[in-house]
Amino acid sequence: MTHFPRAIRRLALVLPAALLASQPLLAQEPAAPTPQYLTPADGTPWIYEGSDVPRDEEWTFGELPNGVRYAVRNNGVPPDQVSVRVRIDAGSLHEEESERGYAHLLEHLLFRESKYLGPAEAIPTWQRLGATFGSDTNAETSPTHTVFKLDLPNISTTKLAESMKLLSGMVRSPVLSDANVRAEVPIVMAEKRERGGPGERAGNASREVLFAGQRLATRTPIGTEETLAAATGASVSAFYKRWYRPENVVVVATGDMDPKQLAAEIEAWFGDWQGEGPHVPAPAFGDPVAPAGADPDNPVGEIGVIVEPDLPRSFTYAVMRPWRPVQDTVAYNEGLLRDALAQALINRRLESRARAGGSYLYAQVAQDDVSRSADMTFVNFAPLTGDWKAALDDIRGVIADALATPPSQEEIDRELAEFEIVFTSQVEQRRVLPGPRLADDVVNAVDIREAIAAPETVLTVFNSMKATLTPERVLDHTRALFAGDVIRAAYVTPTTGEASEAAIRAALGEDIAADGEARIAAQAISFDELPPVGEPGEIATQAPIGVLDIEQVEFANGVKAILWANDAEPGRVAVKVRFGAGYRAIDPDDAVYANLGYAALIGSGIGELGQEELDVLATGRKFGFDFQVGDGAFTFYAQTREQDLEEQLYLFAAKLAMPGWDPNPVIRAKAAGKLAYESYGSNPGGILQRDLEYLVRDSDPRFRTPTPEMYDAATPAGFREFWEPLLAQGPVEVLVFGEFDKAETVEALRRTFGALAPREAPSAAVLERAVDFPEAGATVVRHHRGDANQAAAVIAWPSGAGVENLRESRRLEVLTSLFNNRLMDAMREHAGASYSPVVRSDWPSDVNSGGRIAALAQLRPEDVPVFFAEAERIAKELASAPVGEDEYNRVVEPLRQYVSRASTGNLFWLYQLEGATVDARRIPMLRFLLSDYTQTTPADLQVLAQKYFGSREGWRLAVIPQGQEVVTASGGEDAVAGR
């Protein structure tokens, strides 16, 4: 196995070193001082106070005299990056009634202007430092906190100091003027508008029921139009001064740097911060309380029936208990593991019942501590029909059985094997855990007032308690999960009169007999007992491809494999199988079966094994089985590990050689498709999800979202008739990247994919099927049934496809990034016309047609013409003149850093090389990858813009509310009405 340290395995292995030279961005500044407030080695870090959980020694903690707490850690994944999180212990639950939405508004305002950043300078500044807005630079507001996030690539001590300075200025000294509030409120309103619709209404109504009497019932982070419209610099400043104080702040920094350097910068920029005025304690969030007269043995309380004609049915009931801070001890965590085991046992039984054709589409039990407001055991399910009571009774019967009778030891052992594989994998992969995730873990631990534990600690606690997980003890924890102070329920239904609060209260008050039929009998199934795929095949050729230590193997039956064995990501192996011709092989009348394949093809089984048997086989193993229909191939994908790699390969090969055809997954997938279809019409985003791919491919029936009538006409027999020949189609390509023994894996491939019968290649007619682009002309109009202030608009231009011009596709990504920045500025600043417009380039590389550049935004109906005008203006400007140096660098530097970081991972190389056994031109094109992104000049980009934007008008789509008309402007006024 080849050893490639992550820090040196990037594109430097295939690209000239000059292309990877870092860009000088900042003047050299003095070195940071030595940290003064680290927790001493014999001290207790603040996050472990009151806990006996063993300390994770890779973290270093400190606490400043002003109350700021911090945690720092060295981490080299990805290399040369530092991830910083600044958490404020203030969210929407800290708002007064007149301040609803202020915590989230502040999140926006801190990016608008602050001590070291002038108006609207934050995003461009982070881009110059190589950080991509939205992924590397972001923030979040929840009911309990606000977190500012920065993932800074190409790190140096100078960049770290500058970034910590800028972050400190944002948090400590934002400019909260009336002008800034007036500028930012419309953008927040646009975000609120884009989130709105039936889903938001149903969520808010459900929350008001489930958290009746508590702040969480009405405190959503987005706020209300009334409070946001009334916001002023003074009112927002009052909220800021109350909560943005050093004692409410935790700073987390992890990355490819000495932790002491990280700590020193935190101390330097946050150490002298002092809050204004006296400390204000957090408000009481309230407790769930049963109404007077509730049955103490079954305390059913508030019930809500929410009618939303465009939403599928969903039912939630919850057993609620007050949330209280805990002592995060080993014993407490052992209790959490027992709770998790109890939930897993019930969920497996509920899923088994659903698979067999139950009265519900899905059902799940989950315990959660919600926003420090309630300790809750949720039961969520989707009735298949309007007979919600039958589904509720079925689910409560399964739960009643779990409450009455202990599980079998075999059931417990099966779930423990599943837990063990998760905990063991976390230990194996510890050294490749990414820095952003580690930083987020600490933030989340602070939020729920718990400590953090190293993966080894979690595994040790698990192993030490396994013997104590007796059936009787699991029964005790199951009963505790379903005991509480009050039971509340919310039912979302599309049909008026289908349910009433009284009927649901009566149903929840009934005694339900235990239903033991859902218990899953122990089965002994071994891979050794399964039939072979066929006679092991012969290796025809095996040779390096000329990149890194990657090899290609071809078997006598025509199957080809690309293998890269390396130890850069311990415990991880990525497997991808490509076969057949993808959408090219689908006839126009068969779109419904292609769609059903996503949900039902894997579940329909292998040979005589159904989904239940496959789950038994997977016990104690790390398998995956994702299926996708691509433009030019069908794909299976999995993340596994070396110990389970041969069995994973067997499952994929067996699915091609001897597929099963259990009808139940098809029936279930049909039901799910029908339930979801009506919800598409409830908002502009749903219409885009339903229709955009179909429309932008010139109304090609293969890409149509199936209607309920199409689902009704589909049958399990038709499903088999459609998929059986496609599973027998070639060519077959297998990619295996990760930590594995190459020789053993080649042998495993010989026994699995090498043993397949030779595959029939698709016909020339199939391979030559093209995807057309619609002609530009009058705006295409679609209508939604949602809120009258919601609309969406798309403008698109055809581009290219295929491998031959793959390098041009990379340059187009630079161009579309420039387009995206300009469109974001234009639409967000146009009175908040759109919160998050996006421009993207789609260039299918394994077919020769179907590429496009598309700009999309959700906005107000009256701003649709603004969007079209701005997009067309930007397209023409990009074609008429080259961009300036600063604007160019703000796009290229983040792209350079993104590619540099991504290339440290196996998946990057897998995605770059998939399809290379069919078209080997992909391989030599790798050497130009970084230069295509970073050395495409402004003049080159102008030529591209002239080619793709100057030759024709864009195709336009507007999604507006029913009953409204749309007017677009593009080379003249053009009114298109639809009702």
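For Asp52, the side-chain hydrogen bond (donor to acceptor under 3.5 Å, both in side chains) criterion is met by no residue, not counting sequence neighbours. For Ala205, the side chain to side chain contact (heavy atoms under 4.5 Å, CB included) test picks out Ile306, with sequence neighbours left out. Applying the side-chain hydrogen bond (donor to acceptor under 3.5 Å, both in side chains) test to Tyr360 and every residue at least two apart in sequence or in another chain returns nothing. Glu351 meets the side-chain hydrogen bond (donor to acceptor under 3.5 Å, both in side chains) test with Arg355, Arg668; sequence neighbours excluded. Phe652 meets the ring pair (Phe, Tyr, Trp, His ring centres under 6.0 Å) test with Phe625, Phe636; sequence neighbours excluded. Every residue meeting the side-chain hydrogen bond (donor to acceptor under 3.5 Å, both in side chains) condition with Asp712, not counting sequence neighbours, appears here in chain and number order: Lys674.
In this structure, the side chains of Val379 and Leu392 stay at 4.5 Å or more apart for every pair of heavy atoms. The shortest side-chain heavy-atom distance between Val616 and Arg414 falls under the 4.5 Å cut-off. No side-chain heavy atom of Ser92 sits less than 4.5 Å from a side-chain heavy atom of Ser142. Side-chain contact check for Glu678 versus Arg785: some heavy-atom pair is nearer than 4.5 Å. With a 4.5 Å cut-off on side-chain heavy atoms, Glu608 and Met658 do not count as touching. The side-chain heavy atoms of Leu601 and Trp723, taken from C-beta on, include a pair separated by under 4.5 Å. By the 4.5 Å heavy-atom criterion applied to side chains, Gln426 and Leu459 are not counted as neighbours. Side-chain contact between Asp387 and Ser359 is absent, with no heavy atoms from C-beta onward closer than 4.5 Å.
Here the straight-line distance linking atom OG1 of Thr316 with atom CZ of Phe381 works out to 8.0 Å at 0.5 Å rounding. Atom CD1 of residue Ile412 and atom OG1 of residue Thr470 lie 6.5 Å apart, to the nearest 0.5 angstrom. For the atom pair Asp287 CG and Arg324 CZ, the distance stands at 4.0 Å (nearest 0.5 Å). Taken from CG in Leu350 to CD1 in Ile399, the straight-line distance is 6.0 Å, to the nearest 0.5 Å. Expressed to the nearest 0.5 Å, how far CG of Leu596 lies from CZ of Phe719 amounts to 6.5 Å. Atom-to-atom distance recorded for Leu345:CG and His477:NE2 is 12.5 Å, nearest 0.5 angstrom.
Using a cutoff of 4.0 Å between basic side-chain nitrogens and carboxylate oxygens, Arg348 and Glu411 are not scored as salt-bridged. Using a 4.0 Å cut-off between charged side-chain N and carboxylate O, Lys389 and Glu510 make a salt bridge. Salt bridge Asp440/Arg437: absent, no basic N to carboxylate O contact under 4.0 Å. A salt bridge is defined here as a Lys NZ or Arg NE, NH1 or NH2 lying under 4.0 Å from an Asp or Glu carboxylate O, and Glu410 with Arg519 fails to meet this definition. Ion pairing between a basic and an acidic side chain is recognised when a charged N comes within 4.0 Å of a carboxylate O; Asp447 and Arg372 show such pairing.
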Q: Please report the C-alpha distance between Gln628 and Tyr637 in whole Å, then the side-chain angles of each, then the deciding distance to 0.1 Å, and finally whether the side chain to side chain contact (heavy atoms under 4.5 Å, CB included) criterion is met.
A: CA-CA 8 Å; Gln628 296 291 327; Tyr637 176 75; over 6 Å; no

Q: Evaluate the salt bridge (Lys or Arg N to Asp or Glu O under 4.0 Å) criterion for residues Asp476 and Arg473: first the C-alpha distance (whole Å), next the side-chain angles of each, then the deciding distance (0.1 Å), finally the verdict.
A: CA-CA 5 Å; Asp476 290 341; Arg473 199 158 193 181; over 6 Å; no

(Q) Test side chain to side chain contact (heavy atoms under 4.5 Å, CB included) on Ile606 and Leu614; report intermediate values, then the result. (A) CA-CA 8 Å; Ile606 293 173; Leu614 291 175; 4.2 Å; yes

Q: Determine, stepwise, if the pair Lys655 / Ser604 fulfils side chain to side chain contact (heavy atoms under 4.5 Å, CB included).
A: CA-CA 10 Å; Lys655 187 64 185 178; Ser604 59; 3.2 Å; yes

Q.
Set out, in order, the CA-CA distance, both residues' side-chain angles and the distance that settles side chain to side chain contact (heavy atoms under 4.5 Å, CB included) for Leu617 and Tyr650, then state yes or no.
A. CA-CA 12 Å; Leu617 279 173; Tyr650 173 88; over 6 Å; no

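A side-chain donor-acceptor contact under 3.5 Å links Arg479 to the backbone of Leu403. Judged by distance alone, the side chain of Asp368 and the main-chain N or O of Val370 form no donor-acceptor pair under 3.5 Å. In this structure, Asn298 contributes its side chain and Leu508 its backbone to a donor-acceptor pair below 3.5 Å. Between the side chain of Gln343 and the backbone N or O of Asp339 there is at least one donor-acceptor pair closer than 3.5 Å. One N or O on the side chain of Gln214 and one on the backbone of Gly286 form a donor-acceptor pair closer than 3.5 Å. The backbone N or O of Leu481 sits less than 3.5 Å from a side-chain atom of Thr377, completing a donor-acceptor pair. With hydrogens and angles ignored, the 3.5 Å screen pairs no side-chain donor or acceptor of Arg353 with any backbone N or O of Gly358. Using a distance-only test at 3.5 Å, with no hydrogens or angles considered, no donor-acceptor pair links the side chain of Ser371 to the main chain of Ser373. Between the side chain of Thr640 and the backbone N or O of Lys622, at least one donor-acceptor pair lies under 3.5 Å. Judged by distance alone, with hydrogens and angles left aside, the side-chain atoms of Arg396 form a donor-acceptor pair with the main-chain N or O of Ala507 at under 3.5 Å.
Pairing each heavy atom of Pro708 with each of Tyr677, the nearest pair is CD-CD2, 3.4 Å. Between Glu501 and Val305, the shortest heavy-atom contact is N-CG2, 3.8 Å. Of all the heavy atoms in Glu308 and Ala202, the pair that sits closest is CG-CB, 4.3 Å. For the pair Val326 and Tyr332, the tightest heavy-atom approach, listed with the atom from each and the gap, is CG2-CZ, 3.6 Å. The shortest heavy-atom contact between Gly484 and Val319 is N-CG1, 3.6 Å. Summarising the geometry of Pro296 relative to Pro299, their closest heavy-atom pair is O-CD, 3.9 Å, with the distance given to 0.1 Å.
Note on ring orientation: taking the six-membered ring where Trp is involved, the planes of Phe627 and Tyr598 are tilted (angle from 30° to 60°). Phe419 and Phe462 have tilted rings, their planes meeting at an angle from 30° to 60° on a 0 to 90° scale.
Each of Arg488, Arg505, Arg207 was compared with Glu302 under the salt bridge (Lys or Arg N to Asp or Glu O under 4.0 Å) criterion, and only Arg488 meets it.
Dense packing is recorded around CD of Gln409, with more than 12 heavy atoms of other residues, nucleotides or ligands lying under 6.0 Å away. Counting heavy atoms of neighbouring residues, nucleotides and ligands inside a 6.0 Å radius, atom CG of Asp295 exceeds 12 of them.
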